[in-house]
Amino acid sequence: VSDRPVVKQINVTGTVTSSRTAVLSTAVAGLVAELTIDEGDRVETGDALLKLDAELAQLALERVLADVRQREIAAADARRRFIEAEEVSAQRGIARSQVESLRAEVSSDEAALVASKAAAREQQAIVERHTLKAPFAGDISERYAELGEWVNPGDGLLELVATDNLRFDFRVGQENFVALSPDTPVEITLDALPERSVPAYVDTIVPVKNPSARTFLVRVRADTNDTANRPWVTPGMSARGKLNIDIGRNGVTVSRDAILRFPDGRVTVWIVDTGGDLPVVREQVVRTGSEFNGVVEITDGLADGDVVVVRGNEMLQEGQTVSIVGGDR
């Protein structure tokens, strides 16, 4: 029996969630000409996922680029004529107004060239928008489009889910709001693999309660990116968590295996009395408190330093001689 900090253990259920989930769509309308991925495929940031037929947009771009070339030639010619007129205006008697007209023509052609280049960049952006690229790394969870299908801006075509840096979302009762903090330790197990657990920590506490359930969201982080863990943790899995809250006081605790519970409500332990020649056991009624990490808090009936039986205590009798074969003495 030992005196130790008492921990309040809260059992919660929740879901594995992704930090990023997006239903992807194109910014322009068009016919699906190429579909390079399918459900379950892993993609990286910038990978081309889907391409629309961009033939008409490409032809429009070529036409705009040709116009840019024409504007460049016209602007260069206007600058040449203006420079020549300015250089020889005094010798050949060219009117100043004519020189200024040529200057205005240069400004007009240069402005037209700037507008033409802007139109070319716009058309180039339209061409690029015919290719749908992955905004972040993840896995394709749903595919809604097929080859040859006409799609419009805003139509959901693919669902992309990030599978790195996964989170565990739990709903916790409002009575525990004050006790939780970002450094609260959590032990997580998945229903898919209940024999395996992973240590975690509270990452975010959302201080907005659900008014119907009187709960608030606790977001827990764990290392799910290493090769040992990642294959068995995926978004959407159900998870169970044990939140260990230090309540700020010490208490007398004993191993859970030492506790015997009876149908009439009695809770007892067997204390080893070493005051005589041989150790004997005495049955002791106790009152229990919190239970955590394999131990039980004893609020009445035991003291720090008592020795209790934790194995072979089911068939003991009052005053029976025992031999201590393990544990603290």
Side-chain angles (χ1 to χ4, degrees), residues 4-24 39-47 134-142 158-210 213-249 253 255-256 290-297:
R4 70 174 70 187
V6 176
V7 173
K8 180 181 180 182
Q9 194 168 74
I10 305 172
N11 295 316
V12 291
T13 58
T15 304
V16 181
T17 61
S18 171
S19 58
R20 284 182 167 184
T21 301
V23 177
L24 307 180
E39 294 172 352
D41 288 347
R42 173 76 181 178
V43 300
E44 300 299 329
T45 304
D47 286 354
F136 54 85
D139 294 299
I140 302 298
S141 61
E142 294 285 347
L158 301 165
E159 185 179 63
L160 178 63
V161 179
T163 53
D164 295 331
N165 300 316
L166 297 178
R167 310 172 302 193
F168 299 82
D169 287 354
F170 299 103
R171 306 299 305 192
V172 180
Q174 63 180 2
E175 65 275 8
N176 300 303
F177 180 76
V178 177
L180 284 176
S181 64
D183 59 352
T184 300
V186 185
E187 182 183 344
I188 292 177
T189 56
L190 297 175
D191 290 339
L193 289 170
E195 72 281 356
R196 190 171 188 175
S197 63
V198 58
Y201 63 93
V202 174
D203 181 59
T204 304
I205 300 172
V206 181
V208 179
K209 297 179 179 61
N210 184 325
R214 305 302 182 193
T215 60
F216 60 96
L217 175 65
V218 174
R219 182 155 286 161
V220 174
R221 293 277 188 180
D223 184 9
T224 58
N225 293 328
D226 61 273
T227 55
N229 287 334
R230 182 176 173 183
W232 59 276
V233 182
T234 60
M237 280 186 170
S238 58
R240 299 179 186 273
K242 291 182 179 180
L243 285 74
N244 296 314
I245 301 175
D246 187 352
I247 62 177
R249 65 175 177 83
T253 62
S255 170
R256 182 187 299 133
S290 300
E291 186 172 336
F292 58 96
N293 298 332
V295 300
V296 179
E297 180 189 12

Novice: Taking side chain to side chain contact (heavy atoms under 4.5 Å, CB included) as the test, write out the residues that go with T204, two or more places apart.
Specialist: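 Residues passing side chain to side chain contact (heavy atoms under 4.5 Å, CB included) with T204: V206, R219.
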Novice: Measure across V161 and S141 and return the closest heavy-atom pair with its distance rounded to 0.1 Å.
Specialist: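 Looking at all heavy atoms of both residues, the closest pair is CG2-OG, 3.5 Å.
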Novice: Any side-chain donor paired with an acceptor under 3.5 Å for D191 and S238?
Specialist: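 Yes.
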Novice: Can you pull the salt bridge (Lys or Arg N to Asp or Glu O under 4.0 Å) pairs that have at least one residue in residues 173-182, sequence neighbours excluded?
Specialist: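 For residues 173-182: none.
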Novice: Please determine whether salt bridge (Lys or Arg N to Asp or Glu O under 4.0 Å) holds for the pair R221 and D169, giving the CA-CA distance in whole Å, both sets of side-chain angles, and the decisive distance to 0.1 Å.
Specialist: CA-CA 9 Å; R221 293 277 188 180; D169 287 354; over 6 Å; no
Novice: Please examine the side chains of L190 and V16, heavy atoms only from C-beta on, and report whether any two atoms are closer than 4.5 Å.
Specialist: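 A side-chain contact exists here, since the closest heavy-atom pair is under 4.5 Å.
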Novice: Using the side chain to side chain contact (heavy atoms under 4.5 Å, CB included) rule, pick out the option among V7, V186, V220 that qualifies with L243.
Specialist: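 Between L243 and the candidates, side chain to side chain contact (heavy atoms under 4.5 Å, CB included) is satisfied uniquely by V186.
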Novice: Kindly compute the distance separating CD1 (I10) from CG (N176), expressed to the nearest 0.5 Å.
Specialist: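 The CG atom of N176 is 3.0 Å from CD1 of I10, to the nearest 0.5 Å.
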Novice: Please indicate whether R240 has more than 12 foreign heavy atoms, meaning atoms of other residues, nucleotides or ligands, lying under 6.0 Å from its CZ.
Specialist: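 For R240, atom CZ is not crowded (no more than 12 foreign heavy atoms under 6.0 Å).
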Novice: Checking E159 now: which residues fulfil salt bridge (charged side-chain N to carboxylate O under 4.0 Å, His left out) with it, not counting sequence neighbours?
Specialist: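 Salt bridge (charged side-chain N to carboxylate O under 4.0 Å, His left out) check on E159 returns nothing, list empty.
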Novice: Going through the checks in order, is the side chain to side chain donor-acceptor pair (under 3.5 Å) test met by S19 and N165?
Specialist: CA-CA 7 Å; S19 58; N165 300 316; 5.7 Å; no
Novice: Check whether any side-chain N or O of S18 sits under 3.5 Å from a backbone N or O of R20 as a donor-acceptor pair, and report yes or no.
Specialist: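 Pair found, side chain donor or acceptor close to backbone of R20.
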Novice: Determine the sole option in R249, R4, R256, K8 for which the salt bridge (charged side-chain N to carboxylate O under 4.0 Å, His left out) test with E297 is passed.
Specialist: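 Filter result, single survivor: R249.
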Novice: Report yes if some heavy atom in the side chain of L24 is under 4.5 Å from a heavy atom in the side chain of P135; otherwise report no.
Specialist: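 Side chain of L24 against side chain of P135, heavy atoms only: contact under 4.5 Å found.
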Novice: Please name all residues satisfying side chain to side chain contact (heavy atoms under 4.5 Å, CB included) with A179, sequence neighbours left out, ordered by chain then number.
Specialist: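 With neighbours one apart ignored, the set is I245.
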Novice: Shortest non-hydrogen contact from A200 to A222?
Specialist: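 Answer, listing the atom of A200 first, then A222: CB-CB, 3.7 Å.
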Novice: Let me see the working for T253 and F292 under side-chain contact (heavy atoms from CB on, under 4.5 Å), right down to the final yes or no.
Specialist: CA-CA 10 Å; T253 62; F292 58 96; 4.1 Å; yes
Novice: Only counting residues at least two apart or in another chain, list the ones meeting side chain to side chain donor-acceptor pair (under 3.5 Å) with N244.
Specialist: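 Per chain and number, N244 pairs via side chain to side chain donor-acceptor pair (under 3.5 Å) with Q9.
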Novice: Are side-chain N/O atoms of D139 and T163 paired as donor and acceptor at under 3.5 Å?
Specialist: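 Their side chains do contain a donor-acceptor pair, which is all the 3.5 Å distance test asks for.
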Novice: Can you check whether V218 reaches F168 side chain to side chain, under 4.5 Å on heavy atoms?
Specialist: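 Side-chain contact under 4.5 Å: no.
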Novice: Roughly how far, to the nearest 0.5 Å, is the CG atom of L158 from the CG atom of D41?
Specialist: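 Output value for this atom pair is 10.0 Å.
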Novice: Which heavy atom of D164 sits nearest a heavy atom of R42, and at what distance?
Specialist: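 Scanning both residues, the minimum pair turns out to be OD2-NH2, 3.2 Å.
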Novice: Can you name the nearest heavy-atom pair linking P235 to L166, along with the distance?
Specialist: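 Shortest heavy-atom separation between P235 and L166 comes out as CG-CD2, 3.8 Å.
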Novice: Taking the side chain as C-beta and beyond, is there a heavy-atom pair between L160 and V43 under 4.5 Å?
Specialist: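 Yes, close enough: below the 4.5 Å cut-off.
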Novice: Can you name the residues that form a side chain to side chain donor-acceptor pair (under 3.5 Å) with N11, not counting sequence neighbours?
Specialist: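 In terms of side chain to side chain donor-acceptor pair (under 3.5 Å), with neighbours along the sequence ignored, N11 is linked to no residue.
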Novice: I want to check something: taking the side chain as every heavy atom from C-beta on, are P207 and F177 in contact at a cut-off of under 4.5 Å?
Specialist: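 Yes. Closest side-chain heavy atoms under 4.5 Å.
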Novice: Measure the CG-CZ distance between L217 and R167 for me, rounded to the nearest 0.5 Å.
Specialist: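 It comes to 8.5 Å.
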Novice: Using only atom types and a distance under 3.5 Å, with no angle test, would you say the side chain of T45 pairs donor to acceptor with the backbone of A137?
Specialist: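 Yes, because the side chain of T45 sits within donor-acceptor range (under 3.5 Å) of the backbone of A137.
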Novice: Determine whether F216 and L180 satisfy the following criterion, side-chain contact (heavy atoms from CB on, under 4.5 Å), listing intermediate values before the conclusion.
Specialist: CA-CA 11 Å; F216 60 96; L180 284 176; 3.7 Å; yes
